[in-house]
Amino acid sequence: MKLRVERNEVSISNPDKVFFPKRRLKKIDLVEYYVDLAPCALPHLRRRLFHMKRFPNGVDHDFFHQKRVPENHPPYVDEQYVEFPSGHSTVFAIVDNAAALAWVANLGCIELHTWHSRVPDIERPDYLLIDLDPTFEGQWRHVRKIALVVKDVMDDLGLKSFPKTSGSTGLHVLAPIKPELGFPDVRRLAKAMAQEVEGRIGDQRVATTTWKVADRIGVFVDYGQNARDRTIASAYSIRPVPDARASAPLDWDEVATVKAERFTLTTMRKRIEEVGDLTKGMWRHKRSLIPLFAKLDLEPSDPNKVESGRGGQRGRRWESDPRGGQPRRPAQQAALRRAKK
């Protein structure tokens with residue numbers, strides 16, 4: 001089957017293959033969804049390294065990961081050579097247009113997985129992520145509560161935040177940032193934010209930054225996704241779950257009561273008709289993280305890069321005692337957290 005997408009013809013193999021048996025949705029349904037939603041999805045994909053997670057026979061069958069773009073890819077699919085610290089290298093696909101989006105969907109890429117950075121500067125991410133990941137079933141109410149605290153923390157730091165359902169069981173909060181810092185520094189700042197969220201919640205049964213899975217009870221306030229070559233399902237991505245759930249951008253006013261199961265491959269078009277693209281203009285809100293090292297009392301990996309952001313404010317913290325007291329120093333914060341455990 002040939003599908004006309006803008007000025008290109010995209011070959012769709014086995015368009016009637018069932019990809020989501022529970023919903024009786026076929027491969028062509030997935031392809032057409034991505035073509036229709038391309039104006040909303042592409043701003044989150046452009047110039048990013050695309051990691052292919054392929055489900056050639058649908059969600060009920062085996063999948064495999066593929067970093068290297070097939071050599072015979074069409075000319076409307078761009079590529080980028082990348083070297084890894086291990087010495088290995090590969091060539092990633094770059095999905096910059098609706099035809100390329102249809103092409104990866106035809107390969108069984110149900111999810112749209114991309115890096116946090118863009119070509120040409122792939123070593124510096126342009127967003128910071130807090131990923132709220134439930135440890136057990138039935139924690140969605142905690143996820144929603146924690147998300148609002150994440151917003152408060154980011155507001156206090158002067159970061160514009162954008163929530164979206166993960167499309168699975170959790171919720172993502174993204175803060176667009178200027179691509180000035182490497183992944184390690186962005187991760188360290190995200191960790192400090194996650195720990196502040198944990199401290200404001202004050203209950204490990206609700207929110208935790210505990211890294212070891214076996215030791216967790218509450219929702220994991222995950223900062224580790226800010227590391228190099230980690231990927232997340234981008235906004236409007238469909239996830240490989242039985243109900244073909246989507247990663248749906250949210251308005252902060254609806255987070256407290258939102259139900260993630262409402263957003264699927266079959267409902268997202270109507271959702272956009274009703275509320276529009278809630279991420280429109282998102283990437284115009286990039287903020288600098290450089291001043292936050294002083295504000296969070298952190299040492300950057302390279303002080304020369306952030307010296308201009310200190311402004312003589314070293315040691316002044318932004319956290320406030322939730323009981324109305326004076327701002328606390330990092331050592332006090334740590335002591336109080338240990339006492340709560």
Side-chain angles (χ1 to χ4, degrees), residues 3-12 27-54 66-67 69-70 73-80 82 91-122 125-127 129 160 162-167 172 174-177 179 231-240 244-250 263-265 267-286:
L3 184 67
R4 186 74 180 178
V5 182
E6 298 175 339
R7 293 175 296 176
N8 298 292
E9 278 196 346
V10 183
S11 296
I12 308 299
K27 178 195 279 191
I28 189 62
D29 296 316
L30 178 72
V31 173
E32 290 177 342
Y33 167 86
Y34 280 133
V35 171
D36 289 348
L37 268 68
C40 299
L42 286 172
H44 306 286
L45 304 177
R46 286 194 178 98
R47 310 318 297 161
R48 297 193 190 278
L49 304 179
F50 189 93
H51 179 104
M52 292 185 286
K53 183 179 179 183
R54 298 177 59 179
Q66 181 177 344
K67 292 183 179 179
V69 63
H73 64 80
Y76 52 76
V77 177
D78 203 353
E79 62 180 40
Q80 177 65 38
V82 176
V91 178
F92 283 89
I94 303 289
V95 177
D96 272 351
N97 55 74
L101 198 48
W103 181 78
V104 294
N106 178 62
L107 292 180
C109 296
I110 293 173
E111 301 174 282
L112 307 178
H113 277 280
T114 57
W115 278 36
H116 297 6
S117 55
R118 301 185 195 249
V119 174
D121 195 355
I122 64 170
D126 69 345
Y127 68 87
L129 169 72
K160 182 76 171 176
F162 294 83
K164 69 182 183 71
T165 63
S166 70
H172 298 153
L174 282 70
I177 60 174
T231 66
I232 62 165
S234 67
Y236 300 106
S237 174
I238 298 300
R239 302 302 300 274
R245 197 170 296 187
S247 180
L250 304 172
F263 311 116
T264 69
L265 188 154
T267 66
M268 281 301 292
R269 292 178 179 87
K270 185 176 181 180
R271 161 81 171 172
I272 294 171
E273 288 177 3
E274 293 174 348
V275 304
D277 176 12
L278 295 177
T279 63
K280 187 175 182 179
M282 170 179 170
W283 300 107
R284 294 198 296 266
H285 292 278
K286 294 180 180 180

Peer 1: Roughly how far apart are Y76 OH and E9 CD, rounded to 0.5 Å?
Peer 2: 9.5 Å
Peer 1: List the atom of S247, the atom of A233, and the distance in Å for their closest heavy-atom pair.
Peer 2: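 Closest heavy-atom pair between S247 and A233: OG-O, 4.0 Å.
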Peer 1: Is there side-chain contact between M282 and P43, with at least one heavy-atom pair below 4.5 Å?
Peer 2: no
Peer 1: Taking D96 for its side chain and R47 for its backbone only, find out whether a donor-acceptor pair lies under 3.5 Å.
Peer 2: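 Checked: pair present.
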Peer 1: Side-chain contact, heavy-atom cut-off 4.5 Å: V69 with Q80?
Peer 2: no
Peer 1: Where is the tightest heavy-atom contact between R118 and R46, given as atom of each residue plus distance?
Peer 2: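 Answer, listing the atom of R118 first, then R46: NH1-O, 2.8 Å.
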Peer 1: Nearest 0.5 Å please: distance from the NE2 atom of H113 over to the NZ atom of K67.
Peer 2: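 One finds 13.0 Å between NE2 of H113 and NZ of K67.
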Peer 1: In the structure I gave you, are the side-chain heavy atoms of K164 and S237 within less than 4.5 Å of one another anywhere?
Peer 2: no
Peer 1: Between atom CZ of R54 and atom CD1 of I110, what is the distance when rounded to the nearest 0.5 Å?
Peer 2: 11.5 Å
Peer 1: Do Q66 and C109 touch side chain to side chain, with heavy atoms closer than 4.5 Å?
Peer 2: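 No, their side chains stay 4.5 Å or more apart.
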Peer 1: Does any part of the side chain of L45, heavy atoms only, come nearer than 4.5 Å to the side chain of L112, both counted from C-beta?
Peer 2: yes
Peer 1: Give me the atom names and distance for the closest heavy-atom approach of A246 to Y33.
Peer 2: CB-OH, 4.0 Å
Peer 1: Centre-to-centre under 6.0 Å for W115 and F92, is that the case here?
Peer 2: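 Ring centres of F92 and W115 closer than 6.0 Å.
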Peer 1: Where the side chain of Y34 meets the backbone of I238, is there a donor-acceptor pair that is under 3.5 Å apart?
Peer 2: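 A pair under 3.5 Å: yes.
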Peer 1: Using modelled atom types only, decide if a donor and an acceptor are shared between the side chain of T165 and the backbone of A248 within a distance under 3.5 Å.
Peer 2: yes
Peer 1: Please examine the side chains of D126 and R48, heavy atoms only from C-beta on, and report whether any two atoms are closer than 4.5 Å.
Peer 2: yes
Peer 1: Mind telling me whether W283 and Y127 have parallel, tilted or perpendicular rings, with 30° and 60° as the class edges?
Peer 2: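 Y127 vs W283 ring planes: tilted.
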Peer 1: Of all heavy-atom pairs between I94 and V119, which one has the smallest distance, and what is that distance?
Peer 2: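 That would be CD1-CG2, 3.9 Å.
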Peer 1: State, to 0.1 Å, how close E111 and F50 come at their nearest heavy-atom pair, and which atoms those are.
Peer 2: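 Taking E111 first and F50 second, the nearest heavy atoms are O-CZ, 4.0 Å.
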Peer 1: Testing the basics here: between V77 and A100, what is the closest heavy-atom pair and its distance to 0.1 Å?
Peer 2: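 Taking V77 first and A100 second, the nearest heavy atoms are CG2-CB, 3.9 Å.
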Peer 1: To the nearest 0.5 Å, how far apart are NE2 in H285 and CG in L174?
Peer 2: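 Result: 13.5 Å between the selected atoms.
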Peer 1: What's the spacing between L42 CG and L37 CG if we round to 0.5 Å?
Peer 2: 10.0 Å
Peer 1: Measuring from atom NZ of K160 to atom NZ of K286, what distance do you get when rounded to the nearest 0.5 angstrom?
Peer 2: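 Between K160 NZ and K286 NZ, I get 16.0 Å after rounding to 0.5 Å.
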Peer 1: Looking at D277, D36, D29, which hits salt bridge (Lys or Arg N to Asp or Glu O under 4.0 Å) with R269?
Peer 2: D36
Peer 1: Indicate whether any N or O donor in one side chain lies under 3.5 Å from an N or O acceptor in the other, for T279 and H44.
Peer 2: yes
